[in-house]
Amino acid sequence: MNTGSSEAARERESLYNFAFIDEDSKREIRRKLLKAVALPGHLVPFASRDLPIARGWGTGGLQVTMSLVEPQDTLKIIDQGDDESVNAVNLRRLVEKTTGIRFTTDTTQSSIVQTRHRIPEEQMRDDQILVLQVPMADPLRAVEPVLEYATEMHAEADYGRMWVYMYESVVRSGDVEISSQYPVLVEDRYIMDTSPIPRYDVPRLHQAETLYLFGAGREKRVYAIPPYTKVVPLQFEDYPFKTEHDPAQQCERCGSHDTFLTHVFVDPQDSETTGRWMYLCSDTSFCQKRQQARTQPEKVR
């Protein structure tokens, strides 16, 4: 499951500082991350640096990763569960060129996982770090667009508008109509944006063993969920939180019915066939592992 660069660390480009960002900037980001860990769910401002990629394409998560990564680390970068998407490949190239560290597609072999909009299916350990790219950090943006007022609301734990927003969603559609970026309450104190992960992944933030770090480069904010932190999705007693999971659906490649699936259109293989829609595991690495496990002959007892 490892990429070619996983076998041995490649030579990094000597014209760049290790991990591109200067050391003073890395220290500043690490200090802000320590504050974020000390105040779970709290938005901490930081001086977002310019990178050779456009803001909105993962600069926040990339800066967090680059400030933490060390030569002995093994990194995995995914985009919505896919190791080979355009976003994941381009970010991997930049980190590889400026660090020369090892990369992998196997979640269990990585020390740091940087992800866009998904949490890996395999449970991560307490010696791993999950870095999430965040496009919009403040969950109050939908109800209070003025940053100064939203900051006051967080300071005073004044979240009445958010509850009204969710109530209006129930009145309009008959349920809480939030498909991603579902708001959660962290340690009974801060309402936090979960980034555009699906609702399927939200329960996995609660009491997790892994350190979750969130970076929003465009909005210049970082926040965190330390291990074994209480994370509860906002919900009403008569309209409890529920995920998109449908046990009746399964991946057409590995047969899984207990993972998050995406509806993908598969192009025709030749002119005589037509394309069709099919359900596949979002986590491509995990799906490949299951396929291999199904094809391997059973060991002789």
Side-chain angles (χ1 to χ4, degrees), residues 1-6 57-58 61 65 74-92 103-125 128-135 178-182 194-206 208-210 212 214 231 233 241-269 273-298:
M1 298 298 294
N2 291 358
T3 61
S5 58
S6 180
W57 291 90
T65 298
T74 301
L75 181 63
K76 173 183 170 74
I77 299 180
I78 55 176
D79 177 9
Q80 300 189 30
D82 192 346
D83 295 273
E84 300 303 328
S85 70
V86 174
N87 184 259
V89 170
N90 286 332
L91 295 186
R92 189 183 303 127
F103 284 82
T104 183
T105 59
D106 190 342
T107 302
T108 61
Q109 299 300 317
S110 62
S111 55
I112 300 176
V113 176
Q114 180 173 328
T115 177
R116 175 176 178 263
H117 306 174
R118 274 309 314 276
I119 295 176
E121 295 290 347
E122 294 172 286
Q123 183 175 352
M124 297 183 65
R125 307 181 302 273
Q128 295 176 299
I129 297 175
L130 183 66
V131 179
L132 291 101
Q133 302 168 206
V134 181
I178 303 176
S179 59
S180 63
Q181 292 184 271
Y182 198 96
T194 53
S195 93
I197 61 173
R199 288 176 297 172
Y200 176 88
D201 285 337
V202 172
R204 303 164 72 189
L205 300 173
H206 178 64
E209 295 182 16
T210 305
Y212 292 92
F214 301 77
V231 180
F241 170 82
K242 57 185 178 182
T243 69
E244 315 91 330
H245 181 60
D246 184 356
Q249 298 173 350
Q250 67 177 20
C251 175
E252 293 194 30
R253 288 179 177 168
C254 71
S256 170
H257 55 77
D258 57 353
T259 59
F260 182 74
L261 305 177
T262 54
H263 209 198
V264 180
F265 184 79
V266 180
D267 294 325
Q269 299 295 323
T273 59
T274 59
R276 66 187 182 92
W277 290 92
M278 59 190 300
Y279 285 102
L280 299 176
C281 288
S282 171
D283 189 332
T284 56
S285 172
F286 184 72
C287 186
Q288 291 172 8
K289 280 186 175 182
R290 284 205 167 183
Q291 291 180 67
Q292 292 174 359
R294 292 177 63 185
T295 56
Q296 288 177 352
E298 295 185 2

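In this chain, numbering begins with 1 at the start of the sequence shown.
Judged purely by atom type and a 3.5 angstrom limit, His245 uses its side chain to pair as donor or acceptor with the backbone of His257. Without hydrogens or angle criteria, Thr74 side chain to Ser111 main chain gives no donor-acceptor distance under 3.5 Å. Here the side chain of Thr210 pairs no donor or acceptor atom with the backbone of Ile129 at under 3.5 angstrom. Checked by atom type and distance alone, the side chain of Thr104 pairs as donor or acceptor with a backbone atom of Asp106 at under 3.5 Å.
Side-chain contact between Pro135 and Pro196: present, with at least one pair of heavy atoms (C-beta onward) separated by less than 4.5 Å. Side-chain contact between Ser180 and His117 is absent, with no heavy-atom pair separated by less than 4.5 Å. At a threshold of 4.5 Å between non-hydrogen side-chain atoms, the residues Gln133 and Trp57 do not count as touching. A 4.5 Å side-chain heavy-atom check between Phe260 and Arg199 finds every atom pair outside the cut-off. With a 4.5 Å cut-off on side-chain heavy atoms, Pro233 and Thr194 do not count as touching. For the pair Ile197 and Arg204, the minimum side-chain heavy-atom distance is 4.5 Å or more.
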Walk me through whether Ser282 and Asp82 qualify under side chain to side chain contact (heavy atoms under 4.5 Å, CB included). CA-CA 7 Å; Ser282 171; Asp82 192 346; over 6 Å; no
Show your reasoning for whether side chain to side chain contact (heavy atoms under 4.5 Å, CB included) applies to Arg116 and Gln80. CA-CA 5 Å; Arg116 175 176 178 263; Gln80 300 189 30; 3.3 Å; yes
Is there a side chain to side chain contact (heavy atoms under 4.5 Å, CB included) between Thr107 and Phe286 once you walk through the steps? CA-CA 8 Å; Thr107 302; Phe286 184 72; over 6 Å; no
Applying side chain to side chain contact (heavy atoms under 4.5 Å, CB included), run through Ile77 and Phe103 and close with a yes or a no. CA-CA 8 Å; Ile77 299 180; Phe103 284 82; 4.1 Å; yes
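Between the CD atom of Gln249 and the NE2 atom of His263 there is a distance of 7.5 Å, given to the nearest 0.5 Å. Rounding to the nearest 0.5 Å places OG1 of Thr108 at 10.0 Å from CE of Met124. Considering CG of Asn87 and CZ of Arg92, their distance stands at 10.0 Å, rounded to 0.5 Å. Distance CG/Asn90 to OG/Ser85: 8.5 Å, rounded to 0.5 Å. Atom CG of residue Leu75 and atom CD of residue Gln109 lie 14.0 Å apart, to the nearest 0.5 angstrom. In this structure, Asp267 CG and Thr274 OG1 are separated by 11.0 Å, a value rounded to the nearest 0.5 Å.
Heavy atoms from other residues, nucleotides or ligands lying under 6.0 Å from CD of Glu209 number more than 12.
Looking at Arg290 and Glu121, no side-chain N of the basic residue comes within less than 4.0 Å of a carboxylate O on the acidic one, giving no salt bridge.
Between Val113 and Pro120, the shortest heavy-atom contact is CG1-CG, 4.2 Å. Between Arg294 and Arg253, the shortest heavy-atom contact is NH1-O, 3.4 Å. The nearest pair of heavy atoms linking Gln128 to Ser110 is NE2-O, 2.7 Å. The heavy-atom pair separating Asp201 from Ile119 by the smallest distance is OD2-N, 3.1 Å. Taking every heavy atom of both residues into account, Cys281 and Thr259 meet most closely at SG-OG1, 3.2 Å. Closest of all the heavy-atom pairs between Gln291 and Cys254 is CG-CB, 3.9 Å.
Using modelled atom types, one finds no donor on one side chain facing an acceptor on the other under 3.5 Å when comparing Ser285 with Asp83. Side-chain N/O atoms of Gln114 and Thr65 include a donor and acceptor closer than 3.5 Å.
Phe241 and Tyr182 have perpendicular rings, their planes meeting at more than 60° on a 0 to 90° scale where under 30° would count as parallel.
With sequence neighbours excluded, no residue forms a salt bridge (charged side-chain N to carboxylate O under 4.0 Å, His left out) with Asp283. For Asp246, the salt bridge (charged side-chain N to carboxylate O under 4.0 Å, His left out) test picks out no residue, with sequence neighbours left out.
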